[in-house]
Amino acid sequence: MELFKVNGHKNLCGEVSLHGAKNSALPVLCACLLVKGESIIHNCPNLSDVRATLKILENLGCTVARQGNTVTVNAAQVSGFAIDEAMMRTMRSSILFLGALLSRTGNANIYLPGGCDIGTRPVDLHLKAIKNLGVSVEENGSCISCTTGGIKGAKIILPFASVGATENIMIAAAVSKGKTIIINAAREPEICDLAEFLNKCGAKIYGAGEGTIEIEGVKVLKPCEHRIIPDRILASTYMSACAATGGEIVINDIKATHLSPVFPVFNEMGCRLYLNGASLKVIAPKRLRRVKTIKTMPYPAFPTDSQPMVTAALCVAKGTSVIKENIFENRFGYVSELNRFGADVEVNDTLAVINGVKKLKGANVFAGDLRGGAALIVAALAAEGTSTIRSIYHIDRGYASIEQELEKLGADIKRINDEEAKEKELKSS
Ligand code: UD1
């Protein structure tokens, strides 16, 4: 087991670049299953969730290869339609294989997916939509068996603009008979990226990024090359780390429009933001200002995935800030660890009240989920003294070598082996 050791209280300063978006790479890789040939995916981040997705593709008979940040998936031969429970549980996005397998093979034997423990995260919207598309679904405990004689277009009204359900429908309906209309579709940039990939392959998907998406089913998809969009949540992580440490950094390879929901929050905190094409300069004040209320909502509002890192930064702001989490009912699990740094955050159900403190002190903490783990890094970077963050496999799911990137900004953060750390602790005691 590995951990991060952080000597904090250093202003971050320097330049970093974003890697490709995890939440875009995962659906695009699942969608490669529809293409009877070699898909070439550029800017595909080397994350543990991506590696798990590639493993599933291999187990289904695909050939996969990585060279730098380019991944090729050859799905000319697909030999199976079952994914075992352990693999399904590695991440939430494994549920997207449901649409992909049904479209490609007419069958899918899968299990309920896993992923971060931030709420109940049911898959009812996915299953209901798939049934609407002419699939028979049998649920037996955590096992889901589906079969279809062919996906048939349908009108699907989503009661909530679920990102995953929208993606599953798009993947399932891209190759189908007839037209599918998704009402109240999710509008996240990752939805647009998936549509762009599928359309390059010959799909006919219209309206991605808007509330209604129309998909005219086609007979077959052809191979293409695609570049994954930059990771907007990684950008907000760097912005939070810069804000919390009073730093001055440049983030390259950004897509400014994707970040427009978070810019006003950083402005309100007193950060100065300068855009220059795909580069963003962030200059944080000596002491952050509080923000009134942040409400997480589907895109184009403030993203739930940025909430934990921004909360961590606000811990050292002057005054009291309030965050209302509207997407996941259990997304403040990391707060008890945050308070170990001397932060003063009170959580009441889906509301967090952050009473800013002058300084944080180093602490020994455990990451409980991906973005909660990133929030602990932000706090450790701001805190005086040394911190350790354990269970960092959660963080590796969505950040590629985050410690090396933060070192480029002058952070003192090392990945070390837990056993080594214990030995050192014993020797020094
Ligand atoms: C995706 C992202 C995740 C992000 C989230 C919201 C990926 C791999 N993950 O997750 O990082 O935090 O969007 O932006 O892209 N829901 C149901 N039934 C369903 C599906 C969802 O009740 O069948 C609920 C969820 O429990 C949650 C809300 O809808 O409360 C939003 O979930 P959804 O948009 O589906 O998120 P994910 O696709 O799981």
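Every value quoted in this text rests on a predicted model; they were computed, and no experiment measured them. FYI, side chains are in, hydrogens and waters are out, and symmetry mates aren't considered; it's all heavy atoms of this structure.
- Using a 4.5 Å heavy-atom cutoff, the side chains of Thr386 and Val6 are not in contact.
- A side-chain donor-acceptor contact under 3.5 Å links Arg66 to the backbone of Gly68.
- Within the model, atoms CZ of Phe332 and CG of Leu338 stand 11.0 Å from one another, a figure rounded to the nearest 0.5 Å.
- Using a 4.0 Å cut-off between charged side-chain N and carboxylate O, Asp84 and Arg89 make no salt bridge.
- In this structure a side-chain-to-backbone donor-acceptor pair under 3.5 Å is present from Asn11 to Thr245.
- With 3.5 Å as the limit, one finds no donor-acceptor pair spanning the side chains of Tyr393 and Ser48.
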Run the numbers on Glu384 and Lys361 for salt bridge (Lys or Arg N to Asp or Glu O under 4.0 Å), then give the verdict.
CA-CA 5 Å; Glu384 278 181 1; Lys361 289 216 172 87; over 6 Å; no

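- Annotation: salt bridge (charged side-chain N to carboxylate O under 4.0 Å, His left out) contacts of Lys128 (sequence neighbours excluded): none.
- Atom CD1 in Ile95 sits 13.0 Å away from atom OH in Tyr111 (nearest 0.5 Å).
- Distance check: Tyr274 OH to Leu280 CG gives 11.0 Å after rounding to the nearest 0.5 Å.
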Walk me through whether Ile354 and Cys315 qualify under side-chain contact (heavy atoms from CB on, under 4.5 Å).
CA-CA 6 Å; Ile354 307 152; Cys315 288; 4.2 Å; yes

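- A salt bridge links Asp396 with Arg415: at least one charged nitrogen is closer than 4.0 Å to a carboxylate oxygen.
- Looking at Lys281 and Glu248, a side-chain N of the basic residue comes within less than 4.0 Å of a carboxylate O on the acidic one, giving a salt bridge.
- A donor and an acceptor atom, one from each side chain of Arg371 and Tyr399, are located under 3.5 Å apart.
- At a cut-off of 3.5 Å, with distance as the only test, no side-chain donor of Thr296 or Thr304 sits close to an acceptor on the other residue.
- How far CG of Leu112 is from SG of Cys143: 9.0 Å, rounded to the nearest 0.5 Å.
- With hydrogens and angles disregarded, a donor-acceptor distance shorter than 3.5 Å links the side chain of Arg92 to the backbone of Arg121.
- No side-chain donor-acceptor contact under 3.5 Å links Glu214 and Thr180.
- Within a 6.0 Å radius of CG in Asn330, more than 12 heavy atoms belonging to other residues, nucleotides or ligands are found.
- Met170 CE to Phe197 CZ: the interatomic distance, rounded to the nearest 0.5 Å, is 11.0 Å.
- With Asp412 contributing its side chain and Asn7 its backbone, the two residues share no donor-acceptor pair below 3.5 Å.
- Using a distance-only test at 3.5 Å, with no hydrogens or angles considered, a donor-acceptor pair links the side chain of Arg287 to the main chain of Val316.
- Although no hydrogens or angles enter the test, the distance criterion places no donor-acceptor pair under 3.5 Å between the side chain of Ser103 and the main chain of Ala100.
- In this structure a side-chain-to-backbone donor-acceptor pair under 3.5 Å is present from Asn168 to Gly99.
- Here Lys414 contributes atom NZ and Thr388 contributes atom OG1; the two are 15.0 Å apart, rounded to the nearest 0.5 Å.
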Where do Glu325 and Thr350 land on the side chain to side chain donor-acceptor pair (under 3.5 Å) test, with the steps shown first?
CA-CA 5 Å; Glu325 171 58 50; Thr350 53; over 6 Å; no

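- For residues 28-50, the pairs satisfying salt bridge (charged side-chain N to carboxylate O under 4.0 Å, His left out) are Lys22-Asp49, Asp49-Arg397, with sequence neighbours left out.
- No side-chain donor-acceptor contact under 3.5 Å links Ser387 to the backbone of Asn364.
- Between the His9 side chain and the Ala383 main chain, no donor and acceptor come within less than 3.5 Å of each other.
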One pair to check against side chain to side chain donor-acceptor pair (under 3.5 Å): Glu85 and Ser142. What are the steps and the verdict?
CA-CA 9 Å; Glu85 191 162 13; Ser142 63; 3.0 Å; yes

I'd like to know whether Lys204 forms a side-chain contact (heavy atoms from CB on, under 4.5 Å) with Tyr206, so could you lay out the CA-CA distance, the side-chain angles of the two residues, the decisive distance to 0.1 Å, and finally the verdict.
CA-CA 6 Å; Lys204 292 186 174 170; Tyr206 309 100; 3.6 Å; yes

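- Around CZ of Arg340, the count of heavy atoms belonging to other residues, nucleotides or ligands within 6.0 Å does not exceed 12.
- Taking a cutoff of 4.0 Å between a charged side-chain nitrogen and a carboxylate oxygen, Glu216 and Lys179 do not qualify as a salt bridge.
- Asp193 places a side-chain N or O within 3.5 Å of a backbone atom of Ile229 that can act as its donor or acceptor partner.
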Take Ile402 and Tyr238 through the side-chain contact (heavy atoms from CB on, under 4.5 Å) test and state the conclusion after the steps.
CA-CA 10 Å; Ile402 183 77; Tyr238 289 138; 4.2 Å; yes

